Student: 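Below: one structure in C-alpha coordinates.
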Number of protein chains: 2
Amino acid sequence: MRERRQVASDAGLSKQRVVVEAIRLADREGVDGLSMRQLAGALGAGAMSLYHYVANKEELLDAMIDVVFEEIELPPEEADWQSAMRRRSASARQVLARHPWAIGLMESRTSPGPAHLRHREAVTACLRRAGFSIVMATHANWLLDSYVYGFALQAASLPFDTADEFADMAEDVFLPQLPPDEFPYLNESAAALVGAGYDPAEEFIFGLDLILAALEPLRASA
Amino acid sequence: MRERRQVASDAGLSKQRVVVEAIRLADREGVDGLSMRQLAGALGAGAMSLYHYVANKEELLDAMIDVVFEEIELPPEEADWQSAMRRRSASARQVLARHPWAIGLMESRTSPGPAHLRHREAVTACLRRAGFSIVMATHANWLLDSYVYGFALQAASLPFDTADEFADMAEDVFLPQLPPDEFPYLNESAAALVGAGYDPAEEFIFGLDLILAALEPLRASA
DNA sequence: TACTATCGACGTACGCTGTACGATTGTCAA
DNA sequence: TTGACAATCGTACAGCGTACGTCGATAGTA
(Lines give C-alpha, C1' and ligand atoms only; values in the text may rest on other atoms or scores of the structure.)
Protein backbone atom coordinates (compact mmCIF):
# COMPACT_ATOMS: atom_id res chain seq x y z
CA MET A 1 0.00 0.00 0.00
CA ARG A 2 1.78 3.09 -1.12
CA GLU A 3 -0.16 5.93 0.33
CA ARG A 4 2.23 8.71 1.24
CA ARG A 5 1.80 11.84 -0.83
CA GLN A 6 4.83 12.54 -2.96
CA VAL A 7 5.80 15.87 -4.35
CA ALA A 8 7.31 14.79 -7.62
CA SER A 9 5.34 11.73 -8.58
CA ASP A 10 3.57 8.75 -7.16
CA ALA A 11 5.70 6.09 -8.76
CA GLY A 12 7.98 4.24 -6.37
CA LEU A 13 11.57 5.25 -5.87
CA SER A 14 14.28 3.84 -8.09
CA LYS A 15 17.89 4.65 -8.78
CA GLN A 16 16.82 6.11 -12.11
CA ARG A 17 14.25 8.40 -10.51
CA VAL A 18 16.65 9.46 -7.78
CA VAL A 19 19.39 10.36 -10.23
CA VAL A 20 17.09 12.17 -12.64
CA GLU A 21 15.58 14.26 -9.86
CA ALA A 22 19.08 14.98 -8.55
CA ILE A 23 20.04 16.34 -11.95
CA ARG A 24 16.93 18.47 -12.09
CA LEU A 25 17.76 19.85 -8.66
CA ALA A 26 21.39 20.53 -9.56
CA ASP A 27 20.30 22.31 -12.75
CA ARG A 28 18.00 24.50 -10.74
CA GLU A 29 19.95 25.14 -7.54
CA GLY A 30 23.52 24.36 -8.47
CA VAL A 31 25.49 21.47 -7.12
CA ASP A 32 25.90 23.13 -3.73
CA GLY A 33 22.15 23.24 -3.32
CA LEU A 34 21.88 19.52 -3.87
CA SER A 35 21.61 17.83 -0.50
CA MET A 36 20.31 14.38 0.28
CA ARG A 37 17.51 15.90 2.33
CA GLN A 38 16.48 18.32 -0.40
CA LEU A 39 16.58 15.56 -2.95
CA ALA A 40 14.57 13.24 -0.75
CA GLY A 41 12.08 16.04 -0.17
CA ALA A 42 11.66 16.59 -3.89
CA LEU A 43 10.94 12.88 -4.23
CA GLY A 44 8.53 12.88 -1.32
CA ALA A 45 10.72 10.52 0.64
CA GLY A 46 12.84 10.48 3.75
CA ALA A 47 16.50 11.28 3.44
CA MET A 48 17.70 7.83 4.36
CA SER A 49 15.52 6.13 1.78
CA LEU A 50 17.87 7.31 -0.92
CA TYR A 51 20.60 5.11 0.44
CA HIS A 52 18.79 2.04 -0.80
CA TYR A 53 19.49 3.11 -4.36
CA VAL A 54 22.81 4.81 -3.95
CA ALA A 55 25.67 3.80 -1.70
CA ASN A 56 26.56 7.38 -0.84
CA LYS A 57 26.57 10.84 -2.33
CA GLU A 58 29.73 10.21 -4.31
CA GLU A 59 28.04 7.38 -6.15
CA LEU A 60 25.06 9.61 -6.79
CA LEU A 61 27.31 12.24 -8.34
CA ASP A 62 29.02 9.59 -10.47
CA ALA A 63 25.64 8.40 -11.70
CA MET A 64 24.56 11.96 -12.48
CA ILE A 65 27.67 12.52 -14.57
CA ASP A 66 27.02 9.35 -16.52
CA VAL A 67 23.45 10.38 -17.28
CA VAL A 68 24.86 13.62 -18.62
CA PHE A 69 27.12 11.61 -20.93
CA GLU A 70 24.09 9.68 -22.10
CA GLU A 71 22.55 12.95 -23.24
CA ILE A 72 25.46 13.68 -25.54
CA GLU A 73 24.88 12.61 -29.11
CA LEU A 74 27.23 9.93 -30.41
CA PRO A 75 29.10 10.68 -33.64
CA PRO A 76 26.77 9.52 -36.44
CA GLU A 77 28.35 6.56 -38.19
CA GLU A 78 27.26 7.43 -41.67
CA ALA A 79 28.73 10.92 -41.76
CA ASP A 80 32.27 11.87 -42.70
CA TRP A 81 34.54 12.23 -39.69
CA GLN A 82 34.51 16.03 -39.56
CA SER A 83 30.72 16.24 -39.65
CA ALA A 84 30.46 13.47 -37.11
CA MET A 85 32.87 15.20 -34.73
CA ARG A 86 31.16 18.51 -35.23
CA ARG A 87 27.82 16.97 -34.36
CA ARG A 88 28.91 15.24 -31.21
CA SER A 89 31.07 18.17 -30.04
CA ALA A 90 28.28 20.68 -30.51
CA SER A 91 25.95 18.32 -28.69
CA ALA A 92 28.43 18.00 -25.84
CA ARG A 93 28.71 21.76 -25.56
CA GLN A 94 24.95 22.14 -25.40
CA VAL A 95 24.56 19.42 -22.82
CA LEU A 96 27.30 20.89 -20.63
CA ALA A 97 25.72 24.31 -20.96
CA ARG A 98 22.48 22.77 -19.70
CA HIS A 99 24.26 21.09 -16.79
CA PRO A 100 27.09 23.43 -15.83
CA TRP A 101 27.63 21.67 -12.50
CA ALA A 102 28.78 18.59 -14.42
CA ILE A 103 31.94 20.33 -15.59
CA GLY A 104 33.17 21.12 -12.13
CA LEU A 105 32.34 17.63 -11.00
CA MET A 106 34.48 15.87 -13.58
CA GLU A 107 37.72 17.01 -12.02
CA SER A 108 37.08 15.00 -8.87
CA ARG A 109 35.61 11.86 -10.47
CA THR A 110 38.34 9.50 -11.63
CA SER A 111 36.69 6.46 -13.14
CA PRO A 112 34.47 6.88 -16.19
CA GLY A 113 30.97 5.41 -16.18
CA PRO A 114 29.50 3.15 -18.87
CA ALA A 115 27.99 5.95 -20.96
CA HIS A 116 31.29 7.80 -20.83
CA LEU A 117 33.12 4.70 -22.04
CA ARG A 118 30.59 4.10 -24.81
CA HIS A 119 31.06 7.67 -25.92
CA ARG A 120 34.85 7.39 -26.00
CA GLU A 121 34.63 4.12 -27.87
CA ALA A 122 32.34 5.64 -30.51
CA VAL A 123 34.56 8.68 -30.97
CA THR A 124 37.70 6.60 -31.20
CA ALA A 125 36.01 4.29 -33.69
CA CYS A 126 35.00 7.25 -35.83
CA LEU A 127 38.53 8.61 -35.88
CA ARG A 128 40.18 5.27 -36.58
CA ARG A 129 37.78 4.51 -39.42
CA ALA A 130 38.55 7.93 -40.88
CA GLY A 131 42.15 6.85 -41.23
CA PHE A 132 43.80 8.25 -38.12
CA SER A 133 46.51 6.07 -36.62
CA ILE A 134 46.13 4.87 -33.06
CA VAL A 135 48.47 7.55 -31.78
CA MET A 136 46.90 10.25 -33.92
CA ALA A 137 43.41 9.24 -32.83
CA THR A 138 44.52 9.61 -29.22
CA HIS A 139 45.91 13.05 -29.94
CA ALA A 140 42.70 14.06 -31.68
CA ASN A 141 40.63 12.71 -28.84
CA TRP A 142 42.53 14.70 -26.24
CA LEU A 143 42.54 17.81 -28.34
CA LEU A 144 38.85 17.80 -29.14
CA ASP A 145 37.72 16.87 -25.66
CA SER A 146 40.01 19.45 -24.10
CA TYR A 147 38.49 22.10 -26.31
CA VAL A 148 34.92 21.03 -25.60
CA TYR A 149 35.35 20.79 -21.83
CA GLY A 150 37.45 23.92 -21.59
CA PHE A 151 34.99 25.90 -23.64
CA ALA A 152 32.12 24.71 -21.50
CA LEU A 153 34.10 25.59 -18.39
CA GLN A 154 34.73 29.12 -19.59
CA ALA A 155 31.18 29.56 -20.78
CA ALA A 156 29.85 28.38 -17.43
CA SER A 157 31.76 31.09 -15.63
CA LEU A 158 30.24 33.79 -17.80
CA PRO A 159 27.10 35.43 -16.52
CA PHE A 160 25.38 35.47 -19.90
CA ASP A 161 24.20 32.99 -22.49
CA THR A 162 23.23 35.00 -25.53
CA ALA A 163 24.54 37.87 -27.58
CA ASP A 164 21.94 40.27 -26.20
CA GLU A 165 22.65 39.43 -22.61
CA PHE A 166 26.31 39.94 -23.33
CA ALA A 167 25.79 43.40 -24.74
CA ASP A 168 23.94 44.43 -21.60
CA MET A 169 26.50 42.93 -19.25
CA ALA A 170 29.48 44.32 -21.10
CA GLU A 171 28.18 47.84 -21.10
CA ASP A 172 26.95 47.89 -17.52
CA VAL A 173 29.41 45.65 -15.73
CA PHE A 174 32.63 44.87 -17.55
CA LEU A 175 33.64 48.16 -19.05
CA PRO A 176 33.12 50.22 -15.89
CA GLN A 177 35.45 48.02 -13.85
CA LEU A 178 38.28 48.03 -16.39
CA PRO A 179 40.43 51.18 -16.02
CA PRO A 180 41.34 52.03 -19.62
CA ASP A 181 44.94 52.95 -18.83
CA GLU A 182 45.56 49.68 -17.03
CA PHE A 183 43.66 47.45 -19.45
CA PRO A 184 43.76 49.14 -22.83
CA TYR A 185 43.44 45.96 -24.86
CA LEU A 186 40.61 44.49 -22.81
CA ASN A 187 38.76 47.77 -23.16
CA GLU A 188 39.31 47.74 -26.88
CA SER A 189 37.94 44.20 -27.09
CA ALA A 190 34.96 44.80 -24.85
CA ALA A 191 34.01 47.94 -26.73
CA ALA A 192 34.26 46.21 -30.08
CA LEU A 193 32.29 43.21 -28.95
CA VAL A 194 29.46 45.28 -27.54
CA GLY A 195 28.87 46.60 -31.02
CA ALA A 196 29.33 43.33 -32.86
CA GLY A 197 27.31 41.18 -30.51
CA TYR A 198 28.61 37.96 -29.15
CA ASP A 199 27.25 34.44 -29.28
CA PRO A 200 28.97 31.59 -27.40
CA ALA A 201 27.62 28.99 -29.82
CA GLU A 202 29.26 30.76 -32.77
CA GLU A 203 32.47 31.25 -30.86
CA PHE A 204 32.52 27.53 -30.17
CA ILE A 205 32.14 26.62 -33.82
CA PHE A 206 35.04 28.84 -34.82
CA GLY A 207 37.56 27.00 -32.68
CA LEU A 208 36.05 23.63 -33.41
CA ASP A 209 36.29 24.05 -37.16
CA LEU A 210 39.82 25.36 -36.87
CA ILE A 211 40.83 22.25 -34.94
CA LEU A 212 39.04 19.88 -37.31
CA ALA A 213 40.69 21.50 -40.33
CA ALA A 214 44.10 21.27 -38.70
CA LEU A 215 43.59 17.59 -37.94
CA GLU A 216 42.49 16.72 -41.47
CA PRO A 217 45.98 16.45 -43.01
CA LEU A 218 47.12 14.23 -40.15
CA ARG A 219 45.00 11.27 -41.13
CA ALA A 220 46.14 8.70 -43.64
CA SER A 221 43.06 8.50 -45.80
CA ALA A 222 42.28 4.92 -46.74
CA MET B 1 52.14 40.09 23.26
CA ARG B 2 51.42 37.27 20.95
CA GLU B 3 51.95 34.17 22.98
CA ARG B 4 49.72 31.41 21.66
CA ARG B 5 51.55 28.56 20.01
CA GLN B 6 50.80 28.34 16.34
CA VAL B 7 51.21 25.30 14.18
CA ALA B 8 52.26 26.91 10.96
CA SER B 9 54.18 29.96 12.03
CA ASP B 10 54.38 32.60 14.70
CA ALA B 11 53.75 35.57 12.49
CA GLY B 12 50.35 37.20 12.97
CA LEU B 13 47.44 36.35 10.77
CA SER B 14 46.90 38.22 7.52
CA LYS B 15 44.79 37.75 4.44
CA GLN B 16 47.90 36.71 2.56
CA ARG B 17 48.83 34.08 5.13
CA VAL B 18 45.26 32.77 5.30
CA VAL B 19 44.97 32.39 1.55
CA VAL B 20 48.38 30.80 1.10
CA GLU B 21 47.71 28.27 3.81
CA ALA B 22 44.30 27.55 2.30
CA ILE B 23 45.96 26.75 -1.01
CA ARG B 24 48.45 24.48 0.70
CA LEU B 25 45.59 22.68 2.42
CA ALA B 26 43.58 22.34 -0.78
CA ASP B 27 46.62 20.98 -2.61
CA ARG B 28 47.08 18.38 0.09
CA GLU B 29 43.51 17.41 1.00
CA GLY B 30 41.46 18.53 -1.97
CA VAL B 31 38.95 21.32 -1.90
CA ASP B 32 36.44 19.22 0.02
CA GLY B 33 38.93 18.82 2.83
CA LEU B 34 39.32 22.57 3.14
CA SER B 35 37.14 23.77 5.98
CA MET B 36 37.37 26.98 7.91
CA ARG B 37 38.10 25.02 11.07
CA GLN B 38 40.83 22.94 9.46
CA LEU B 39 42.35 26.04 7.96
CA ALA B 40 42.23 27.91 11.24
CA GLY B 41 43.79 24.91 12.95
CA ALA B 42 46.66 24.85 10.46
CA LEU B 43 47.24 28.51 11.25
CA GLY B 44 47.04 27.96 14.99
CA ALA B 45 43.96 30.14 15.26
CA GLY B 46 40.31 29.87 16.08
CA ALA B 47 37.86 29.37 13.24
CA MET B 48 36.21 32.72 13.61
CA SER B 49 39.48 34.62 13.48
CA LEU B 50 39.65 33.99 9.77
CA TYR B 51 36.62 36.17 9.24
CA HIS B 52 38.65 39.23 10.03
CA TYR B 53 40.57 38.75 6.81
CA VAL B 54 37.95 37.19 4.60
CA ALA B 55 34.26 38.05 4.41
CA ASN B 56 33.19 34.45 3.89
CA LYS B 57 34.37 31.22 2.35
CA GLU B 58 33.37 32.29 -1.14
CA GLU B 59 35.70 35.25 -0.92
CA LEU B 60 38.44 32.97 0.31
CA LEU B 61 37.96 30.71 -2.72
CA ASP B 62 38.02 33.73 -5.04
CA ALA B 63 41.26 34.88 -3.48
CA MET B 64 42.76 31.41 -3.82
CA ILE B 65 41.92 31.33 -7.51
CA ASP B 66 43.52 34.68 -8.05
CA VAL B 67 46.73 33.58 -6.35
CA VAL B 68 46.76 30.63 -8.72
CA PHE B 69 46.55 33.06 -11.64
CA GLU B 70 49.47 34.96 -10.18
CA GLU B 71 51.54 31.81 -10.43
CA ILE B 72 50.97 31.57 -14.18
CA GLU B 73 53.75 33.08 -16.24
CA LEU B 74 52.73 36.04 -18.39
CA PRO B 75 53.56 35.84 -22.10
CA PRO B 76 57.10 37.23 -22.41
CA GLU B 77 56.94 40.49 -24.35
CA GLU B 78 60.15 40.08 -26.27
CA ALA B 79 59.28 36.69 -27.80
CA ASP B 80 57.36 36.09 -31.01
CA TRP B 81 53.69 35.43 -30.39
CA GLN B 82 53.84 31.66 -30.78
CA SER B 83 56.70 31.25 -28.35
CA ALA B 84 55.04 33.64 -25.94
CA MET B 85 51.76 31.71 -26.05
CA ARG B 86 53.55 28.43 -25.74
CA ARG B 87 55.35 29.65 -22.64
CA ARG B 88 52.32 30.99 -20.85
CA SER B 89 50.10 28.04 -21.84
CA ALA B 90 52.61 25.47 -20.66
CA SER B 91 52.98 27.44 -17.45
CA ALA B 92 49.22 27.49 -17.00
CA ARG B 93 49.02 23.75 -17.49
CA GLN B 94 51.71 23.15 -14.90
CA VAL B 95 50.12 25.46 -12.39
CA LEU B 96 46.71 23.86 -12.82
CA ALA B 97 48.28 20.42 -12.47
CA ARG B 98 49.74 21.61 -9.18
CA HIS B 99 46.38 22.96 -8.01
CA PRO B 100 43.77 20.66 -9.55
CA TRP B 101 41.04 21.96 -7.25
CA ALA B 102 41.31 25.35 -8.99
CA ILE B 103 39.86 23.97 -12.21
CA GLY B 104 36.66 22.77 -10.65
CA LEU B 105 36.33 26.03 -8.77
CA MET B 106 36.41 28.24 -11.84
CA GLU B 107 33.02 27.07 -13.05
CA SER B 108 31.27 28.60 -10.06
CA ARG B 109 33.26 31.83 -9.79
CA THR B 110 31.90 34.47 -12.15
CA SER B 111 33.96 37.62 -11.72
CA PRO B 112 37.68 37.48 -12.50
CA GLY B 113 40.17 38.74 -9.93
CA PRO B 114 42.94 41.28 -10.58
CA ALA B 115 45.61 38.72 -11.47
CA HIS B 116 43.19 37.04 -13.85
CA LEU B 117 42.49 40.36 -15.54
CA ARG B 118 46.20 41.21 -15.76
CA HIS B 119 46.77 37.86 -17.39
CA ARG B 120 44.02 38.34 -19.95
CA GLU B 121 45.25 41.82 -20.72
CA ALA B 122 48.80 40.57 -21.31
CA VAL B 123 47.64 37.73 -23.55
CA THR B 124 45.36 40.00 -25.55
CA ALA B 125 48.15 42.53 -25.91
CA CYS B 126 50.49 39.85 -27.19
CA LEU B 127 47.99 38.69 -29.78
CA ARG B 128 47.06 42.18 -30.94
CA ARG B 129 50.70 43.21 -31.30
CA ALA B 130 51.28 40.06 -33.34
CA GLY B 131 48.81 41.36 -35.87
CA PHE B 132 45.57 39.64 -34.92
CA SER B 133 42.46 41.73 -35.35
CA ILE B 134 40.28 42.40 -32.36
CA VAL B 135 37.83 39.70 -33.36
CA MET B 136 40.58 37.24 -34.21
CA ALA B 137 42.37 37.92 -30.95
CA THR B 138 39.16 37.11 -29.12
CA HIS B 139 38.80 33.88 -31.05
CA ALA B 140 42.39 32.93 -30.30
CA ASN B 141 41.94 33.78 -26.64
CA TRP B 142 38.89 31.55 -26.30
CA LEU B 143 40.46 28.77 -28.26
CA LEU B 144 43.73 28.70 -26.36
CA ASP B 145 42.18 29.08 -22.95
CA SER B 146 39.58 26.43 -23.70
CA TYR B 147 42.32 24.04 -24.65
CA VAL B 148 44.43 24.80 -21.59
CA TYR B 149 41.56 24.55 -19.11
CA GLY B 150 40.03 21.53 -20.78
CA PHE B 151 43.32 19.72 -20.89
CA ALA B 152 43.94 20.45 -17.23
CA LEU B 153 40.44 19.25 -16.43
CA GLN B 154 40.96 15.96 -18.21
CA ALA B 155 44.41 15.52 -16.74
CA ALA B 156 43.07 16.13 -13.25
CA SER B 157 40.59 13.32 -13.61
CA LEU B 158 43.31 10.85 -14.54
CA PRO B 159 44.87 8.91 -11.72
CA PHE B 160 48.41 9.21 -13.05
CA ASP B 161 50.88 11.96 -13.81
CA THR B 162 53.75 10.35 -15.66
CA ALA B 163 54.30 7.85 -18.43
CA ASP B 164 55.44 5.16 -16.00
CA GLU B 165 52.45 5.54 -13.74
CA PHE B 166 50.25 5.33 -16.80
CA ALA B 167 51.76 2.05 -17.95
CA ASP B 168 51.08 0.51 -14.56
CA MET B 169 47.54 1.81 -14.36
CA ALA B 170 46.65 0.84 -17.90
CA GLU B 171 47.79 -2.71 -17.52
CA ASP B 172 46.33 -3.31 -14.08
CA VAL B 173 43.18 -1.20 -14.11
CA PHE B 174 41.97 0.00 -17.50
CA LEU B 175 42.40 -3.01 -19.73
CA PRO B 176 40.77 -5.53 -17.37
CA GLN B 177 37.57 -3.48 -17.12
CA LEU B 178 37.18 -3.00 -20.87
CA PRO B 179 35.51 -6.06 -22.50
CA PRO B 180 37.30 -6.34 -25.86
CA ASP B 181 34.16 -7.17 -27.81
CA GLU B 182 32.32 -4.14 -26.49
CA PHE B 183 35.22 -1.70 -26.64
CA PRO B 184 37.52 -2.90 -29.42
CA TYR B 185 38.96 0.51 -30.24
CA LEU B 186 39.60 1.52 -26.65
CA ASN B 187 41.37 -1.78 -26.10
CA GLU B 188 43.45 -1.20 -29.19
CA SER B 189 44.42 2.25 -27.91
CA ALA B 190 45.16 1.19 -24.38
CA ALA B 191 47.29 -1.72 -25.53
CA ALA B 192 49.26 0.45 -27.92
CA LEU B 193 49.81 3.17 -25.35
CA VAL B 194 51.06 0.78 -22.71
CA GLY B 195 53.90 -0.09 -25.02
CA ALA B 196 54.63 3.41 -26.21
CA GLY B 197 54.39 5.11 -22.84
CA TYR B 198 52.37 8.22 -22.27
CA ASP B 199 53.27 11.64 -20.96
CA PRO B 200 50.58 14.30 -20.36
CA ALA B 201 53.09 17.12 -20.85
CA GLU B 202 53.95 15.86 -24.35
CA GLU B 203 50.31 15.30 -25.18
CA PHE B 204 49.62 18.88 -24.20
CA ILE B 205 52.31 20.26 -26.47
CA PHE B 206 50.95 18.36 -29.46
CA GLY B 207 47.54 20.01 -29.34
CA LEU B 208 48.98 23.37 -28.38
CA ASP B 209 51.34 23.48 -31.35
CA LEU B 210 48.61 22.34 -33.68
CA ILE B 211 46.40 25.21 -32.53
CA LEU B 212 49.19 27.77 -32.73
CA ALA B 213 50.07 26.67 -36.25
CA ALA B 214 46.45 26.86 -37.33
CA LEU B 215 46.12 30.37 -35.92
CA GLU B 216 49.26 31.66 -37.65
CA PRO B 217 47.69 32.32 -41.08
CA LEU B 218 44.81 34.19 -39.44
CA ARG B 219 46.89 37.13 -38.32
CA ALA B 220 47.57 40.07 -40.58
CA SER B 221 51.31 40.39 -40.06
CA ALA B 222 52.34 44.01 -39.71
C1' DT C 1 48.02 58.29 35.39
C1' DA C 2 43.30 57.12 34.14
C1' DC C 3 39.77 56.55 30.73
C1' DT C 4 38.14 55.18 26.49
C1' DA C 5 38.07 53.53 21.63
C1' DT C 6 39.68 50.30 18.58
C1' DC C 7 41.25 45.99 16.82
C1' DG C 8 42.38 41.19 16.50
C1' DA C 9 41.05 36.94 18.26
C1' DC C 10 37.87 33.74 19.94
C1' DG C 11 33.77 30.86 22.38
C1' DT C 12 29.33 29.69 21.81
C1' DA C 13 25.40 28.58 19.28
C1' DC C 14 22.25 27.72 15.22
C1' DG C 15 20.83 25.46 11.34
C1' DC C 16 22.60 22.81 7.97
C1' DT C 17 25.21 18.63 6.00
C1' DG C 18 26.29 13.29 5.07
C1' DT C 19 25.31 9.08 6.89
C1' DA C 20 25.56 4.94 10.62
C1' DC C 21 22.29 2.30 13.05
C1' DG C 22 18.10 0.21 14.21
C1' DA C 23 13.20 -0.10 13.93
C1' DT C 24 9.17 -0.54 11.16
C1' DT C 25 6.41 -1.94 7.52
C1' DG C 26 4.58 -4.50 3.28
C1' DT C 27 5.27 -8.60 0.30
C1' DC C 28 5.97 -13.12 -0.86
C1' DA C 29 7.55 -18.26 -0.31
C1' DA C 30 7.42 -22.22 2.28
C1' DT D 1 1.45 -19.19 10.07
C1' DT D 2 6.09 -18.26 9.83
C1' DG D 3 10.16 -16.47 8.17
C1' DA D 4 12.90 -13.92 4.97
C1' DC D 5 13.52 -9.98 2.50
C1' DA D 6 13.24 -5.39 0.50
C1' DA D 7 11.94 -0.75 1.10
C1' DT D 8 11.27 3.11 4.11
C1' DC D 9 12.04 6.07 7.78
C1' DG D 10 13.38 8.25 12.72
C1' DT D 11 16.96 9.26 15.43
C1' DA D 12 21.53 10.54 16.37
C1' DC D 13 26.28 12.20 15.63
C1' DA D 14 30.10 14.62 13.97
C1' DG D 15 31.33 18.19 11.15
C1' DC D 16 30.19 22.33 8.34
C1' DG D 17 29.70 27.82 7.54
C1' DT D 18 28.98 31.63 10.14
C1' DA D 19 26.00 35.29 13.24
C1' DC D 20 26.63 37.26 17.48
C1' DG D 21 28.73 38.83 21.53
C1' DT D 22 32.83 39.02 24.40
C1' DC D 23 37.44 39.65 25.82
C1' DG D 24 42.31 41.23 26.30
C1' DA D 25 45.73 44.15 24.52
C1' DT D 26 47.00 48.34 22.52
C1' DA D 27 46.77 53.48 21.26
C1' DG D 28 45.19 57.95 21.93
C1' DT D 29 43.63 61.52 24.79
C1' DA D 30 42.76 64.19 29.01
Side-chain angles (χ1 to χ4, degrees), chain A residues 1-26 28-65 101 104-105 108-110, chain B residues 1-26 28-65 101 104-105 108-110:
Chain A
M1 176 70 88
R2 99 174 355 279
E3 184 64 55
R4 292 181 358 281
R5 64 209 107 286
Q6 299 188 185
V7 177
S9 149
D10 279 320
L13 255 43
S14 71
K15 176 152 183 176
Q16 154 104 332
R17 237 166 73 72
V18 168
V19 174
V20 166
E21 187 62 35
I23 290 178
R24 200 165 13 228
L25 243 165
R28 190 152 20 97
E29 319 266 0
V31 76
D32 286 342
L34 172 66
S35 78
M36 299 303 270
R37 278 174 242 254
Q38 286 264 330
L39 175 54
L43 290 162
M48 291 313 291
S49 306
L50 305 178
Y51 287 87
H52 263 266
Y53 304 96
V54 148
N56 47 41
K57 195 175 183 182
E58 286 292 289
E59 194 189 288
L60 173 64
L61 296 176
D62 283 339
M64 291 168 67
I65 290 277
W101 46 266
L105 238 45
S108 47
R109 244 120 286 284
T110 50
Chain B
M1 176 68 91
R2 89 175 5 276
E3 184 64 56
R4 292 182 358 281
R5 63 207 111 286
Q6 298 188 185
V7 178
S9 150
D10 279 320
L13 255 43
S14 72
K15 176 154 184 177
Q16 155 104 332
R17 237 165 73 73
V18 168
V19 174
V20 166
E21 187 63 34
I23 291 178
R24 199 163 15 225
L25 242 165
R28 189 152 20 98
E29 318 266 359
V31 76
D32 287 342
L34 171 67
S35 78
M36 299 302 270
R37 281 174 238 254
Q38 287 265 330
L39 175 54
L43 290 163
M48 292 312 292
S49 306
L50 304 179
Y51 287 87
H52 263 267
Y53 304 97
V54 149
N56 47 40
K57 195 175 183 180
E58 285 292 291
E59 194 188 289
L60 172 63
L61 295 176
D62 282 340
M64 290 168 67
I65 290 278
W101 47 266
L105 238 46
S108 48
R109 243 121 287 283
T110 49

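What you are looking at is a predicted structure, and each value in this text was computed from that prediction instead of being measured. Chain letters run A, B, ... following the sequence lines, proteins first and then strands; every chain starts at 1.
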Student: CG of B:Leu43 versus P of C:dC10: gap in Å, rounded?
Tutor: 10 Å

Student: Hey, does B:Met64 have a side-chain heavy atom less than 4.5 Å from the side chain of B:Val31?
Tutor: no

Student: Rounded off to whole Å, could you give me the NZ-to-P distance for the B:Lys57 and C:dT17 pair?
Tutor: 15 Å

Student: On a heavy-atom basis, which atom in B:Leu39 and which in B:Leu25 lie closest, and how many Å separate them?
Tutor: CA-CD1, 3.5 Å

Student: From the list D:dC20, C:dG18, C:dT19, which nucleotide is the closest neighbour of the side chain of A:Ser35?
Tutor: C:dG18

Student: What is the distance, to the nearest angstrom, from the CD atom on B:Gln38 to the P atom on D:dA14?
Tutor: 16 Å

Student: Could you tell me the separation between the CG atom of B:Leu39 and the P atom of D:dC16, rounded to a whole number of Å?
Tutor: 11 Å

Student: Please give, in whole Å, the distance from C:dT17 P to B:Met36 CE?
Tutor: 19 Å

Student: Rounding to a whole Å, what distance do you find between A:Leu60:CG and C:dG18:P?
Tutor: 10 Å

Student: What I want to check is whether an N or O donor and acceptor connect the side chain of B:Arg37 with the base of D:dG17 at under 3.5 Å.
Tutor: yes

Student: Nearest of D:dA7, C:dG8, C:dT19 to any side-chain atom of A:Tyr53?
Tutor: D:dA7

Student: Is the CD atom of A:Gln16 crowded by more than 12 outside heavy atoms at less than 6.0 Å?
Tutor: no

Student: When the distance from OH of B:Tyr51 to C1' of D:dG17 is rounded to whole Å, what number comes out?
Tutor: 5 Å

Student: C:dT6 C1' sits how many Å from B:His52 NE2, rounded?
Tutor: 11 Å

Student: Does B:Ser49 have a side-chain nitrogen or oxygen under 4.0 Å from the phosphate oxygens OP1 or OP2 of C:dG8?
Tutor: no

Student: Select base, sugar-phosphate, or nothing to describe what B:Leu34 touches, counting heavy atoms under 4.0 Å on all strands.
Tutor: sugar-phosphate

Student: Mind checking whether A:Met36 and A:Leu60 have side chains closer than 4.5 Å, heavy atoms only?
Tutor: yes

